[in-house]
Amino acid sequence: MIVAATGLALLGVAVPVIATLAMSWHLAVRNEQQRLDRVATLALERAQATMDEATGVLHAMQRSRLAPCSPAHIARMRRAAMDSAVVKEVGFFQGGLLRCTSWGPTEVHVPDDLPPDAVGPDDLRLFAHVVPQISGGRQMLALHQHDYNVLIDPARFSDLVVGPEVGLLVRNAQGVVLSERSLSDEALAGRMRQRQASGRDATHLFSVVRRDGWVVVAGEPVARAASGLPRQQGMLLPVGLLIGAVAVAMVILAFRRRLSPTGELTRAVQRREFVVHYQPIVRLADAAIVGAEALARWRRPDGTLVRPDQFIPLAEQSGLIDAITDQVLDAIVRDLGPLLAAHPCLYVSLNLSTADLRSGRLLAVLARALEGSGIAPRQLWLEATERGFVDLAAARRTIEQARQAGHRVALDDFGTGYSSLQYLQGLPLDALKIDKTFVDAIGTGAATAAVTGHIIDMARELGLHCVAEGIETTAQADFLRAQGVGYGQGWLFGKAAPAMAFIELFLAQQASRAAVPVREDDADP
């Protein structure tokens, strides 16, 4: 009886422990497989984004009308390479010669009969192993189209933060291997080149992801899944099931916290993943560009862009908005500093957060950022929304100090709040921006259409400049112009675009309008 009882007791302890150990191993392997799947998917998105950006540089250079290999042409190629996170060098070919690159002029003979490793649409040719003729160094991947080529570091196609035990292989639609990384394990490297589907063999785990012809293979040793087991197994005593459940709950909680929106946004701030796009603001009388609104975009590591309305509310709630605003300001000075210094007629507007209006701390940051930049304070407008006036007295103090420093202040999204008239009468503003809601209603017969005229009349009575937002049709522009609205922005005049696209648009308009330039007082009420 004693022996039987002891046996049952041992069995009662052993069964849950053994079952838990088996389940722990199964879950560990599954989690590693899912992690590999995510890594492979991110690598594929990175490869697509890399190729898209490189071909975009090629297309932009082919649209250039500058004299081949002139100083301006070489400067344009150099700027294209510097502005791109992908392209290392841009080259121009003519008559079998590499005439010049983003490094400068040259005369290097390049055989034009070399077979490409892959061919794409519109004579896009890919060469997988190219040694730069001018700069030298390690082998690059070259994309050649018509008279131009760009060189890309193959590592860009798989540039992800993963452990050294993870191998990545990237192939394009024609089977050309564009990048291999972390393949010091020759056994893993060989298996990855042959692998066609996700899964595992005796020694390795694999993830194979395919999309639009791209193929990414990620692999790692199965032993990687066992690295965390000893500690877990040490805790699996007769009460292992309960302890295991608590441990799983803790892991899930930590995982969720790490992947929570706030955690992801925090890491984005730390990695400075925010870029700025610029939407033109024009004088409605003749559509001349007089300014731009700076709009933050969150560029994730996979290259996708997140609009501000999807992360700004969370940033304000979590207290991260100050850091994001500072990064936007840094980008404005870096992106448009020389252009603003050279064109005093131009200005850029920066959106203020509720916290900035309340504390006024941004004013000191603005002063430091503009010092030595060549940008006049009146060229940096500040935009505040009604929801930012939680503390009206503090907001008034901040606005007064900003105007004393030389900045102009506009009330953004006017008409969407419940106390707009109070703000117009009680705050020292320079301009108001009519919200897109009212612009959309023009000509529709909607009830809000009648409000637009009243807003314009109020602004005129108070001596404020008017900027209409969201103009998308000529009819809307004509109506606003006839009502005396001086300025506008919207897709009719241009979408928000990266700095280089905005600069090129502005300079092209300046060149075409040389006889009737934008005057400085057009942007300085």
Side-chain angles (χ1 to χ4, degrees), residues 35 38-54 56-57 79-88 152-153 155-163 166 168 170 179 181 216 254-279 292-337 348-353 355-356 362 365-366 369 495-503:
R35 188 175 81 95
R38 291 194 296 270
V39 168
T41 300
L42 286 174
L44 188 145
E45 293 170 348
R46 171 60 60 88
Q48 289 180 316
T50 297
M51 187 64 72
D52 290 345
E53 184 173 343
V57 171
R79 188 167 66 248
M82 292 177 64
D83 289 346
S84 171
V86 169
V87 173
K88 299 297 184 183
I152 310 166
D153 187 345
R156 287 293 305 178
F157 287 88
S158 54
D159 186 16
L160 300 176
V161 180
V162 293
V166 177
L168 282 172
V170 180
S179 179
R181 68 178 300 276
V216 173
F255 190 72
R256 285 180 176 174
R257 183 174 300 164
R258 178 171 178 80
L259 293 184
S260 68
T262 302
E264 192 175 8
L265 189 61
T266 301
R267 289 190 294 278
V269 170
Q270 294 169 346
R271 297 170 184 171
R272 300 185 70 85
E273 294 179 356
F274 297 92
V275 297
V276 179
H277 285 187
Y278 302 88
Q279 184 171 38
E293 180 176 359
L295 299 169
R297 298 288 188 268
W298 175 6
R299 182 163 58 195
R300 296 178 183 271
D302 61 6
T304 58
L305 292 177
V306 182
R307 291 175 52 84
D309 56 1
Q310 296 175 353
F311 65 85
I312 290 297
L314 177 61
E316 292 184 335
Q317 295 170 11
S318 61
L320 295 169
I321 189 63
D322 288 352
I324 295 176
T325 301
D326 292 351
Q327 290 186 26
V328 170
L329 179 59
D330 290 343
I332 291 173
V333 175
R334 182 179 64 251
D335 293 344
L336 299 188
V348 175
S349 64
L350 172 68
N351 290 286
L352 292 180
S353 68
D356 283 326
L362 183 63
V365 179
L366 283 170
K495 297 183 179 181
M500 187 52 61
F502 172 77
I503 291 171

Please name the pair of heavy atoms, one in Tyr278 and one in Pro498, separated by the smallest distance, quoted to 0.1 Å. CD1-C, 4.4 Å
Does any N or O in the side chain of Glu53 come within less than 3.5 Å of the main-chain N or O of Ala85, such that one atom is a donor and the other an acceptor? yes
For the residue pair Asn351 and Glu293, establish whether any side-chain heavy-atom pair is separated by less than 4.5 Å. yes
Tell me the closest heavy-atom pair linking Ala155 and Ser179, and the distance in Å. CA-OG, 4.1 Å
For Val170, run the side chain to side chain contact (heavy atoms under 4.5 Å, CB included) check against Val216, Thr50, Leu44 and tell me which one passes. Val216
Check whether any side-chain N or O of Gln279 sits under 3.5 Å from a backbone N or O of Leu295 as a donor-acceptor pair, and report yes or no. no
Mind checking the NE2-CZ spacing from His277 to Arg299? Nearest 0.5 Å is all I need. 7.0 Å
Would you check, one step at a time, whether the test side-chain contact (heavy atoms from CB on, under 4.5 Å) holds for Val275 with Leu305? CA-CA 9 Å; Val275 297; Leu305 292 177; 4.2 Å; yes
Test your reading of the model: is there a side-chain donor-acceptor pair from Ser318 to the backbone of Leu314, 3.5 Å cut-off? yes
How long is the gap from CZ on Arg156 to CE on Met51, to the nearest 0.5 Å? 13.0 Å
Do Thr304 side-chain atoms and Arg300 backbone N/O form a donor-acceptor pair below 3.5 Å? no
Have Asp302 and Gln48 got a donor and an acceptor in their side chains that come within less than 3.5 Å? no
Indicate yes or no: at least one non-hydrogen side-chain atom of Gln327 is less than 4.5 angstrom from one of Val269. yes
Kindly give the heavy-atom pair with the smallest separation between Val87 and Ala54, and that separation in Å. CG2-CA, 4.1 Å
For the student: nearest non-hydrogen atoms of Pro313 and Pro308, plus distance: CD-O, 3.9 Å
Among Ile324, Val276, Val348, Val365, whose side chain to side chain contact (heavy atoms under 4.5 Å, CB included) with Leu329 holds? Val365
Heavy-atom distance under 4.5 Å between the side chains of Trp298 and Leu265, does that happen here? yes
Roughly how far, to the nearest 0.5 Å, is the OG1 atom of Thr325 from the CD1 atom of Ile312? 6.5 Å
Would you call Asp326 and Leu362 a side-chain contact if the rule is heavy atoms closer than 4.5 Å? yes
Out of curiosity, Phe502 CZ to Leu336 CG, how far, rounded to the nearest 0.5 Å? 6.5 Å
Heavy-atom closest contact (Asp356 atom, Leu352 atom, distance): CB-CD2, 4.4 Å
Apply side-chain contact (heavy atoms from CB on, under 4.5 Å) to residues Glu264 and Arg267 and explain how you reach the verdict. CA-CA 5 Å; Glu264 192 175 8; Arg267 289 190 294 278; 4.0 Å; yes
